[in-house]
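Read the structure below first, then the notes.
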Number of protein chains: 2
Amino acid sequence: MPKLGAEPIRKAALINAAIFEVGMAGSLDVTVAQIARRAGMSPALAHHYFGSKEKIFLAAMRYILRTYGQSVRDVLPGRGARGRLDGIVRASFAPQNFQRETVSAWLNFYALSFVNKDAGRLLRVYHQRLRSNLIVALRGLTDHPERTADTLGALIDGVYLRAVLTPGPTDAADAENTIMSYLEEALA
Amino acid sequence: MPKLGAEPIRKAALINAAIFEVGMAGSLDVTVAQIARRAGMSPALAHHYFGSKEKIFLAAMRYILRTYGQSVRDVLPGRGARGRLDGIVRASFAPQNFQRETVSAWLNFYALSFVNKDAGRLLRVYHQRLRSNLIVALRGLTDHPERTADTLGALIDGVYLRAVLTPGPTDAADAENTIMSYLEEALA
DNA sequence: CCTGTTCTTGATTGGTTAGTCAATTAACGT
DNA sequence: ACGTTAATTGACTAACCAATCAAGAACAGG
């Protein structure tokens, strides 16, 4: 039933399905058939629109990155250095970004950057942008913004990891608390 | 050439090879053939000694855990809470435990705990023991040892993640510095 | 020697999966 | 009506891989 203009809808469905399946499985070892079935279509159609499994993964990575970047941008124009800092942290644990499957998928995409050049580039851009945002926000709040930004970045990754590793629903409030407590100590 | 007593040697070689290959690939998606070739034997022999690929992975996990536990135990009888705390941290970044392939393999084994019950149990034991060791060491150094221990645990995981993600050789000194700086601030 | 045991592997099997292709269906413009 | 184009899939293939097995090779003890 060729209703025209299916492509963007199908692609979006596949990206969502890929994130869900990867997040669910906790591994990139999911088949195109799984993703396609979850997205309500045949594996052949998934290949038709994306060409390869890697390209599906890359699109999913870009999607997560774009979503996260948007939530940060939504909150950055807040006034004051401390306001921006809190904004970045809050964005990192906002519901859209802190769904278990999203976080799990994101961590698993880290692994993709080992074998795939484009994935590596995406990840580097993300890390660099986060670092730069944090440094700017930390200026004036501490004497060593670089060191604090690096520690904060690592801590966020670690909290992500633990959130995914812990069974049961992810607890965004708890995660955010851990980060905020650290900031209290670091900026005292 | 059946020189008697090959089993422990072969098993050790396979465990090392598995850690190396998983660490190298940044993924559990390595074949038994790869592992066996790296260990200098046929895939059939690997199956003969371990029975399945999962069992090789589990043995590798246990090996990493045992090695880490030993380095902690070697250092714990040091006197003073602060000495013990530093000891645990130092053990976490000791050369045997902080080789790129080892850390990478360890993080990838996290993923195994999603699908494999035994791997999940191993991981939980490790996390619980680390947490408990940290809490004991932190008692007397801070008013909220639990919170600090959890933050510290997450930070170590995050630093592991970043060390592996950063190209080039892993920098143990830098990693240890990050943790120590955090402790300065947290225990001030 | 000979016999049993350990060690070792080539060959094979059964199952899985990414990716291709030809054919079908249905909208759209003319 | 009709030809063009987008959407869609079933069937297929080529590759890969975990696991099995039967058989060979080498040593120890008697």
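Labels below follow one simple rule: chain letters A, B, ... track the order of the sequence lines, proteins then strands, and each chain is numbered from 1.
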Next item on the list: Check which hydrophobic residues are tied to B:Phe20 through side-chain heavy-atom contacts below 4.5 Å, counting indirect links as well, and list them.
Entry: B:Met24

Checklist line | Nearest to side-chain heavy atoms of B:Leu45, which nucleotide of C:dA18, C:dT8, D:dC17 | finding: C:dT8

Next item on the list: Identify, with sequence neighbours excluded, every residue that meets salt bridge (Lys or Arg N to Asp or Glu O under 4.0 Å) alongside A:Glu54.
Entry: none

Note to self: Given D:dA18, D:dT9, C:dC7, identify the nucleotide with an atom nearest to the side chain of A:Ser42.
What the structure shows: D:dT9

Note to self: Tell me the interatomic distance from B:Gln34, atom CD, to D:dC16, atom C1', rounded to whole angstroms.
What the structure shows: 12 Å

Margin query: The criterion is salt bridge (Lys or Arg N to Asp or Glu O under 4.0 Å); which residues satisfy it with B:Arg38, sequence neighbours excluded?
Written below: B:Glu21

Check: Is any side-chain N or O of A:Tyr49 closer than 4.0 Å to OP1 or OP2 of D:dA6?
Finding: no

Next item on the list: Could you list the residues that satisfy ring pair (Phe, Tyr, Trp, His ring centres under 6.0 Å) with B:Phe50, not counting sequence neighbours?
Entry: none

Margin query: Main chain of B:Pro145, side chain of B:Thr148: is a donor-acceptor contact present, judged purely on distance under 3.5 Å?
Written below: no

Checklist line | Pairing stems for DNA chain D [at least three consecutive pairs; Watson-Crick or G-U; under 3.5 angstrom] | finding: C:1-30 with D:1-30

Next item on the list: Report the distance from atom CG of A:Leu130 to atom CD1 of A:Ile135, rounding to the nearest 0.5 Å.
Entry: 9.5 Å

Check: Counting side-chain heavy atoms from C-beta on, which of C:dA18, C:dC7, D:dT8 comes nearest to B:Ala6?
Finding: C:dC7

Margin query: Using a heavy-atom cut-off of 4.0 Å across all strands, would you classify A:Phe50 as base, sugar-phosphate, or nothing?
Written below: nothing

Next item on the list: Would you give the length of the straight line joining atom CG of A:Leu107 to atom CG of B:Leu161, rounded to the nearest 0.5 angstrom?
Entry: 6.5 Å

Item checked: Distance, rounded to the nearest Å, where B:Arg37 contributes CZ and C:dT8 contributes P -> 18 Å

Check: Between A:Arg129 and A:Gly69, is there a donor-acceptor pair closer than 3.5 Å when you use the side chain of the first and the backbone of the second?
Finding: no

Next item on the list: Output all residues satisfying ring pair (Phe, Tyr, Trp, His ring centres under 6.0 Å) with A:Tyr126, sequence neighbours left out; order by chain, then residue number.
Entry: A:Tyr68, A:Trp106

Check: Rounded to the nearest 0.5 Å, how far does CG of A:Leu138 lie from CZ of A:Arg84?
Finding: 12.0 Å

Could you list the protein-to-nucleotides 19-21 of chain D atom pairs, N/O on both sides, closer than 3.5 Å?
unit_1, atom_1, unit_2, atom_2, d
D:dA19, OP2, B:His47, NE2, 3.1
D:dA19, OP2, B:Lys53, N, 2.9

Check: Residues two or more places apart in sequence or in another chain: which of them pass side-chain hydrogen bond (donor to acceptor under 3.5 Å, both in side chains) with B:Thr170?
Finding: none

Item checked: Interatomic distance, B:Glu7 CD vs C:dT8 P [rounded to whole Å] -> 10 Å

Next item on the list: Could you check which residues of residues 9-23 of chain B get a heavy atom under 4.0 Å from DNA chain D? Sort them by number, please.
Entry: none

Notebook entry, point to check: C:dG15 P sits how many Å from A:Asp29 CG, rounded?
Noted result: 19 Å

Polar-atom pairs under 3.5 Å, protein N or O versus N or O of nucleotides 28-30 of chain C: list them with distances, or write none.
none

Checklist line | Expected output: side-chain B:Asn97 to main-chain B:Ser92 donor-acceptor under 3.5 Å | finding: no

Notebook entry, point to check: Taking only residues two or more places apart in sequence or in another chain, which ones pass salt bridge (Lys or Arg N to Asp or Glu O under 4.0 Å) with A:Lys53?
Noted result: none

Next item on the list: Please collect all salt bridge (Lys or Arg N to Asp or Glu O under 4.0 Å) contacts where either partner lies in residues 147-173 of chain A, sequence neighbours excluded, each pair once.
Entry: A:Arg131-A:Asp150, A:Arg147-B:Glu185, A:Asp157-B:Arg162, A:Arg162-B:Asp157

